[in-house]
Amino acid sequence: MPMPFSIAVAGCTGYAGGEVLRLACQHPDLSIGAVTAHANAGARLGDLQPHLGSLADRVVEDTTLDALRGHDIIVLALPHGASASLAADLSDDALILDCGADFRLASAEDWETFYGTPYAGVWPYGLPELPGQRETLASTQRIAVPGCYPTASTLALAPAIAGGFSDGRDTVIVAASGTSGAGKAATTRLLGSEVMGSASAYGVGGVHRHIPEILANLRSLGASAPTLSFTPVLVPMPRGILATCTVPVSSGCTEEAVREAYEQFYADEPFVTVLPAGQWPTTGAVLGSNAVHIQVAVDHAASRLVAVAAIDNLVKGTAGGAIQSMNIALGLDERRGLTTNGVAP
């Protein structure tokens, strides 16, 4: 019987790190190695991530090179800008997955504009559903895990762009997200009394950091000069993203042709489901799963294609996407340790 791969998780006390560990615990080919953090080093993991019962008595180590070395897989679930210096000194033999943004952008100018720190370079992008991406992931030791909004938005629009229904100009995306997407930092806008019973837009007016990532994905699908108006909305739920994406289409575009293109594009994708006509995605249906639910329609009065996608931002949007890409890089079935079944109610 093959030996399991040892996985270390840096940033284990955050939402993303905790979700990586939850999925890793149920993966038959993984064994949990070091679990690390900075501020919480020395604490019992069960006091910080009480849902991880099988790891409750693990002691959180400090995030150092010595703690991470010697593992087959290293997942960096760290704040943006914190992974690059650490990754530079880790072994080329280890498979490293960065759940932050440090290596997602191919443009140094975009990075410096939206993140304001020195550019660290680009790694292969961990969205297997993009054309040709599986081949790239199968031969790499470094993976940049996509952002959660780009995952939902890109998958919602990919068949429309790749199929030539839209050139990506005047793309409009409004995406509602649960509060876990903002991380565990104690900020006023994430307090229960601020969030409950209220929805609020943020990062409005072309300033959200996921904009260049989404645009890069649209270009990779064939859009020559896409433009994007992106508005994220914080809604009172812990997890999930519902992305409503619209692009202009010609007046002769039929819903039947669009639906056929979407169904063909995703026919062999294990985690993406184009829902039956008339059934629209809900975040509740994908909760806890690596599934992506998509529906598409044509608004003839506005001459726009409307695509809606639902994902769990912590699974397919972060940790599940990382495990899926990891599986491909290791030569495993990409479905290993993941599910398309959600949790209800």
**Student:** To the nearest 0.5 Å, tell me how far L78 CG sits from H38 NE2.
**Tutor:**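 Reported value, rounded in 0.5 Å steps: 7.0 Å.
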**Student:** Within the side chain of D167, is there an N or O that forms a donor-acceptor pair under 3.5 Å with the backbone of R169?
**Tutor:**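 Answer holds: yes.
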**Student:** For residues D102 and H80, is any side-chain donor paired with an opposing acceptor at under 3.5 Å?
**Tutor:**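 Absent: no donor and acceptor within the cut-off.
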**Student:** Any chance you could measure W280, atom CH2, to Q295, atom CD, to the nearest 0.5 Å?
**Tutor:**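 Interatomic distance, W280 CH2 to Q295 CD, rounded to 0.5 Å: 5.0 Å.
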**Student:** Hydrophobic cluster membership, with links at side-chain heavy-atom distances under 4.5 Å among I/L/V/M/F/W/Y: are I96 and F5 in one?
**Tutor:**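 I96 and F5: separate clusters.
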**Student:** Examine the side chains of Q264 and R259 and answer whether a donor and an acceptor come within less than 3.5 Å of each other.
**Tutor:**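 No - no donor-acceptor pair under 3.5 Å links their side chains.
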**Student:** Return the CD to CG distance between E61 and L45, rounded to the nearest 0.5 Å.
**Tutor:**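 Spacing of CD (E61) from CG (L45) equals 11.5 Å.
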**Student:** Tell me whether V145 is reachable from L105 by hopping between hydrophobic residues (I, L, V, M, F, W, Y) whose side-chain heavy atoms are closer than 4.5 Å.
**Tutor:**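 The answer is no; the residues belong to distinct hydrophobic clusters.
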**Student:** Within a 6.0 Å radius of atom CG on D268, are there more than 12 heavy atoms belonging to other residues, nucleotides or ligands?
**Tutor:**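 No, not enclosed.
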**Student:** Can a salt bridge be assigned to the pair D333 and R336 using a cut-off of 4.0 Å between side-chain N and carboxylate O?
**Tutor:**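 A salt bridge is absent here (no side-chain N lies under 4.0 Å from a carboxylate O).
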**Student:** Between the side chain of E255 and the main-chain N/O of A297, is any donor-acceptor distance below 3.5 Å?
**Tutor:**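 No: the side chain of E255 does not pair with the backbone of A297.
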**Student:** List the atom of A309, the atom of I294, and the distance in Å for their closest heavy-atom pair.
**Tutor:**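 Closest pair (atom of A309, atom of I294, distance): CB-CG1, 4.0 Å.
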**Student:** Scan Q324, K316, E334 and name whichever one has a side chain to side chain donor-acceptor pair (under 3.5 Å) with N290.
**Tutor:**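 Checked Q324, K316, E334 against N290; only one passes side chain to side chain donor-acceptor pair (under 3.5 Å): Q324.
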**Student:** Taking D299 for its side chain and A302 for its backbone only, find out whether a donor-acceptor pair lies under 3.5 Å.
**Tutor:**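 Yes, because the side chain of D299 sits within donor-acceptor range (under 3.5 Å) of the backbone of A302.
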**Student:** Flag the pair T340 / T273 as yes when at least one side-chain heavy-atom distance between them is below 4.5 Å, and no otherwise.
**Tutor:**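 Side chain of T340 against side chain of T273, heavy atoms only: no contact under 4.5 Å found.
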**Student:** Kindly indicate, with the supporting measurements, whether the criterion side-chain contact (heavy atoms from CB on, under 4.5 Å) is fulfilled by L130 and L221.
**Tutor:** CA-CA 8 Å; L130 288 177; L221 289 159; 4.0 Å; yes
**Student:** Do you reckon I74 sits in the same ILVMFWY cluster as L55, going by side-chain contacts under 4.5 Å, direct or chained?
**Tutor:**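 Shared cluster, no.
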**Student:** Kindly work out whether a path of hydrophobic side-chain contacts (I/L/V/M/F/W/Y, heavy atoms less than 4.5 Å apart) joins I173 to V272.
**Tutor:**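 They do share one cluster, since a chain of ILVMFWY contacts under 4.5 Å joins I173 to V272.
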**Student:** Given side chains that start at C-beta, do those of R142 and F103 come closer than 4.5 Å, heavy atoms only?
**Tutor:**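 In short, these two side chains do not touch, never coming nearer than 4.5 Å.
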**Student:** Got a donor-acceptor contact below 3.5 angstrom from the T227 side chain to the D170 backbone?
**Tutor:**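 Yes; at least one donor-acceptor contact below 3.5 Å.
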**Student:** For a quick test of reading the model, state the closest non-hydrogen atom pair linking V274 to Y262 and the distance between them.
**Tutor:**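 V274 and Y262 have their closest heavy atoms at CG2-O, 3.8 Å.
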**Student:** Please examine the side chains of E213 and P146, heavy atoms only from C-beta on, and report whether any two atoms are closer than 4.5 Å.
**Tutor:**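 Yes, their side chains come closer than 4.5 Å.
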**Student:** Does the side chain of S180 pick up a donor-acceptor pair with the side chain of N313 at under 3.5 Å?
**Tutor:**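 A pair is found: one side chain offers a donor N or O, the other an acceptor, under 3.5 Å apart.
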**Student:** Distance-only, no hydrogens or angles: does the R209 side chain make a donor-acceptor pair with backbone N or O of F114 under 3.5 Å?
**Tutor:**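 Side chain of R209 to backbone of F114: a pair is present.
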**Student:** Taking only Lys NZ, Arg NE, NH1 and NH2, and the carboxylate oxygens of Asp or Glu, determine whether R239 and D312 approach each other closer than 4.0 Å.
**Tutor:**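 Yes.
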**Student:** Does V35 belong to the same Ile/Leu/Val/Met/Phe/Trp/Tyr cluster as L23, with side-chain heavy atoms less than 4.5 Å apart forming each link?
**Tutor:**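 As far as the 4.5 Å side-chain criterion goes, L23 and V35 are connected within one cluster.
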**Student:** For D29, is there any backbone N or O sitting under 3.5 Å from a side-chain donor or acceptor partner on H27?
**Tutor:**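 Flag set: sc H27 to bb D29 pair under 3.5 Å.
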**Student:** Kindly give the heavy-atom pair with the smallest separation between I32 and C25, and that separation in Å.
**Tutor:**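 The pair with the smallest heavy-atom distance is CD1-N, 4.2 Å.
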**Student:** Under 3.5 Å, is there a donor-acceptor pair linking the side chains of N217 and Y125?
**Tutor:**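 A donor-acceptor contact under 3.5 Å links the two side chains.
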**Student:** Taking the side chain as everything from C-beta on, heavy atoms only, tell me whether H210 gets closer than 4.5 Å to C148.
**Tutor:**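 H210 reaches C148 side chain to side chain.
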**Student:** Is the closest side-chain heavy-atom distance between D72 and I7 below 4.5 Å?
**Tutor:**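 The answer is no; the side chains never approach within 4.5 Å.
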**Student:** State, yes or no, whether a side-chain contact exists between I328 and L330 at a heavy-atom distance under 4.5 Å.
**Tutor:**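 Sidechains of L330 and I328: no contact.
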**Student:** Would one find more than 12 heavy atoms of other residues, nucleotides or ligands at under 6.0 Å from atom CZ of R189?
**Tutor:**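 Count over threshold, so yes.
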**Student:** Identify the two heavy atoms, one from L137 and one from P128, that lie closest to each other, and give their separation to 0.1 Å.
**Tutor:**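 Smallest interatomic distance, heavy atoms only, reads CD1-CG, 3.9 Å.
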**Student:** Using the side-chain contact (heavy atoms from CB on, under 4.5 Å) rule, take I323 and N327 through it: C-alpha gap first, then chi angles, then the decisive distance, then the call.
**Tutor:** CA-CA 6 Å; I323 295 294; N327 284 337; 3.9 Å; yes
**Student:** State the CD1-CD distance between I143 and Q133, to the nearest 0.5 angstrom.
**Tutor:**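 One finds 9.5 Å between CD1 of I143 and CD of Q133.
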**Student:** Could you grab the distance from atom CG of L48 to atom SG of C12, nearest 0.5 Å is fine?
**Tutor:**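 Taking CG in L48 and SG in C12, the distance rounds to 7.5 Å.
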**Student:** Within the side chain of S289, is there an N or O that forms a donor-acceptor pair under 3.5 Å with the backbone of V286?
**Tutor:**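 Indeed, once roles are kept as given, a pair shorter than 3.5 Å links the two residues.
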**Student:** Using a strict cut-off of less than 4.0 Å between a Lys/Arg side-chain nitrogen and an Asp/Glu carboxylate oxygen, indicate whether R134 and E269 qualify as a salt bridge.
**Tutor:**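 Looking at E269 together with R134, the answer is yes, because their closest N to O distance falls below 4.0 Å.
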**Student:** Is the shortest side-chain N to carboxylate O distance from E19 to R22 below 4.0 Å?
**Tutor:**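 R22 and E19: salt-bridged.
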**Student:** Between L155 and E129, does the side-chain contact (heavy atoms from CB on, under 4.5 Å) criterion hold? Intermediate values first, please.
**Tutor:** CA-CA 8 Å; L155 295 178; E129 292 82 5; 3.6 Å; yes
**Student:** Considering non-hydrogen atoms only, spot the tightest contact between I161 and A223 and give its length.
**Tutor:**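 Taking every non-hydrogen atom into account, CG2-N, 3.7 Å.
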**Student:** Between L305 and T246, is there a side-chain heavy-atom distance shorter than 4.5 Å?
**Tutor:**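 No, side chains not in contact.
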**Student:** One pair to check against side-chain contact (heavy atoms from CB on, under 4.5 Å): W123 and R104. What are the steps and the verdict?
**Tutor:** CA-CA 7 Å; W123 287 357; R104 292 175 187 163; over 6 Å; no
**Student:** Judged by modelled atom types alone, do S83 and D98 share a side-chain donor-acceptor pair under 3.5 Å?
**Tutor:**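 Checked: S83/D98 side chains pair up, N/O donor to acceptor below 3.5 Å.
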**Student:** Roughly how far apart are T13 OG1 and D47 CG, rounded to 0.5 Å?
**Tutor:**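 Between T13 OG1 and D47 CG, I get 12.0 Å after rounding to 0.5 Å.
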**Student:** What is the minimum heavy-atom distance between A10 and T36, and which atoms define it?
**Tutor:**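 The pair with the smallest heavy-atom distance is CA-OG1, 3.1 Å.
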**Student:** Mind telling me whether F230 and Y149 have parallel, tilted or perpendicular rings, with 30° and 60° as the class edges?
**Tutor:**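 The rings of Y149 and F230 stand perpendicular, inter-plane angle above 60°.
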**Student:** Are the side chains of T171 and L157 in contact, using a 4.5 Å heavy-atom criterion?
**Tutor:**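 Side chain of L157 against side chain of T171, heavy atoms only: contact under 4.5 Å found.
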